[in-house]
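Shown next, in structure tokens, is the structure this report addresses.
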Amino acid sequence: MPNEDLLTIGQRTYRSRLLVGTGKYKDLDETGAAIAESGAEIVTVAIRRTNIGQSPDEPNLLDVVSPERYTILPNTAGCFNAKDAIRTCQLARELLDGHNLVKLEVLGDQKTLYPDIPATLEAAEALIKDDFEVMVYTNDDPIVAKRLEAMGCVAVMPLAAPIGSGLGVQNKYNILTIVENAEVPILVDAGVGTASDASVAMELGCDGVLMNTAIAGAKNPVLMASAMRKAVEAGREAFLAGRIPRKRYASASSPLDGTFF
Ligand SMILES: CC(=O)[C@@H](O)[C@H](O)COP(=O)(O)O
């Protein structure tokens with residue numbers, strides 16, 4: 001991978017294009033080991049569900065995911081309206097000493113966990129006004145993605161498929177359109193199931209992939225984290241290398257034209 005191929009989000013740059021979550025692991029040791037193996041530099045944390053200092057007597061995630069080593073990306077998982085999401089980001093900023101990069105997700109319902117787009121737009125606008133750098137979870141709609149970019153989100157994160165579904169990229173053409181139209185990083189967020197799904201997202205030109213369940217829910221999370229690291233890198237390299245066009249008919253691998261015989 002060329003050294004200069006860095007991911008820039010807001011004010012910060014990263015070598016890794018794999019972002020990971022911290023939920024669903026067996027224990028904190030497994031969480032720390034899998035995240036280390038993933039090579040991720042950005043780790044997202046559900047502020048309403050994870051102890052990062054709110055309960056001083058409970059195990060603290062930051063003991064295994066140190067803010068010195070990782071960018072902690074607070075997220076608003078579990079928020080079903082703009083007000084709760086905004087409050088959660090403000091709480092995260094207090095807990096993390098003024099850290100202002102957040103992942104906004106405002107969910108529409110429990111069954112699908114699809115984003116509530118009007119509430120997402122409302123919360124994004126308020127957070128940007130309040131000096132947050134907002135990475136925003138959204139659906140795979142190119143119009144919505146562009147609107148979130150236009151209002152000042154630092155990264156737009158369309159879902160591959162419903163959170164936790166493991167279905168992989170369901171609408172490649174929409175993701176492609178979002179990527180082609182974007183001037184901020186596009187990261188597929190949610191729904192990745194296995195390594196090839198991550199590669200597909202990267203081959204489409206996404207700037208990164210965020211995942212949690214595919215690693216934490218695997219039989220061997222540390223091994224899956226390693227597979228995901230390689231899949232994201234492979235997908236990125238394939239995208240940069242430029243794939244051959246698809247054709248309906250064969251063309252010989254060793255053409256006779258132009259040889260000396
Ligand atoms: C961790 C996190 O932010 C999730 O809300 C995210 O969307 C990941 O989804 P998967 O668990 O499907 O990877």
Side-chain angles (χ1 to χ4, degrees), residues 9 16-26 28 30-32 34-35 38 40-52 61 64-65 70-80 84-85 88-89 92 101-117 119-120 123-124 134-140 145 148 153-171 175 185-202 206 208-218 221 224-225 227-229 231-232 235:
I9 296 181
S16 172
R17 290 172 182 275
L18 173 58
L19 290 70
V20 294
T22 55
K24 300 184 181 169
Y25 285 99
K26 190 175 71 193
L28 282 185
E30 186 182 74
T31 312
I35 290 174
S38 74
E41 295 168 291
I42 303 179
V43 177
T44 189
V45 177
I47 292 298
R48 289 159 67 106
R49 296 180 176 150
T50 314
N51 181 29
I52 59 164
L61 177 81
V64 295
V65 183
Y70 301 100
T71 294
I72 305 296
L73 177 65
N75 73 59
T76 59
C79 293
F80 287 82
D84 287 352
T88 302
C89 291
L101 181 69
V102 292
K103 182 190 140 185
L104 172 65
E105 51 179 88
V106 188
L107 304 171
D109 71 27
Q110 288 282 1
K111 183 171 177 182
T112 65
L113 299 181
Y114 279 142
D116 177 331
I117 296 301
T120 299
V134 178
M135 301 174 68
V136 60
Y137 164 70
T138 183
N139 55 22
D140 57 13
L148 288 163
C153 292
V154 296
V156 176
M157 308 176 77
L159 52 79
I163 294 172
S165 69
L167 289 172
V169 179
Q170 290 299 291
N171 195 335
I175 297 291
I186 301 297
L187 297 99
V188 153
D189 173 14
V192 165
T194 190
S196 54
D197 299 333
S199 293
V200 165
M202 295 307 293
C206 289
V209 179
L210 188 151
M211 67 181 74
N212 181 57
T213 309
I215 297 177
M224 186 58 90
M228 290 301 187
R229 171 170 47 79
V232 167

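If you read the sequence from its start, that first residue is 1, and numbering goes on from there. Heavy atoms only: backbone and side chains are in, while hydrogens, waters and symmetry mates are out. In each ligand, atom 1 is the first atom listed, and ligand 1 is the first ligand listed.
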Query raised in the report: salt bridge (Lys or Arg N to Asp or Glu O under 4.0 Å) with Arg229: which residues, sequence neighbours excluded?
Result: Glu37

Between the protein and ligand 1, are there any N or O atom pairs that come within less than 3.5 Å of each other, and if so, what are their names and distances?
unit_1   : atom_1 : unit_2 : atom_2 : d
ligand 1 : 3 (O)  : Lys103 : NZ     : 2.5
ligand 1 : 5 (O)  : Glu105 : OE1    : 3.0
ligand 1 : 7 (O)  : Asp189 : OD1    : 2.8
ligand 1 : 11 (O) : Thr213 : N      : 2.9
ligand 1 : 11 (O) : Thr213 : OG1    : 2.4
ligand 1 : 12 (O) : Gly164 : N      : 2.7
ligand 1 : 12 (O) : Gly191 : N      : 2.9
ligand 1 : 13 (O) : Asn212 : N      : 2.8

Requested in this report: Return yes if some donor-acceptor pair links the side-chain N/O of Glu30 with the main-chain N/O of Tyr25 below 3.5 Å, else return no.
Outcome: no

Query raised in the report: Looking at side-chain heavy atoms only, is the closest gap between Leu187 and Leu210 below 4.5 Å?
Result: no

Query - Thr120 and Thr138, any side-chain heavy atoms less than 4.5 Å apart - result: no

Pairs of donor and acceptor atoms involving the side chains of residues 44-51, under 3.5 Å and at least two apart or interchain, shall be tabulated with distances.
unit_1 : atom_1 : unit_2 : atom_2 : d
Thr44  : OG1    : Leu73  : O      : 2.8
Thr44  : OG1    : Asn75  : ND2    : 2.8
Thr50  : OG1    : Ala46  : O      : 2.9
Asn51  : OD1    : Gly53  : N      : 2.9
Asn51  : OD1    : Gln54  : N      : 3.0
Asn51  : OD1    : Ser55  : N      : 2.9
Asn51  : ND2    : Ser55  : O      : 2.9
Asn51  : ND2    : Glu58  : O      : 3.2
Asn51  : ND2    : Pro59  : O      : 3.1

Report summary line: Residue pairs passing the salt bridge (Lys or Arg N to Asp or Glu O under 4.0 Å) test with at least one member in residues 186-202, sequence neighbours excluded, are Lys103-Asp189

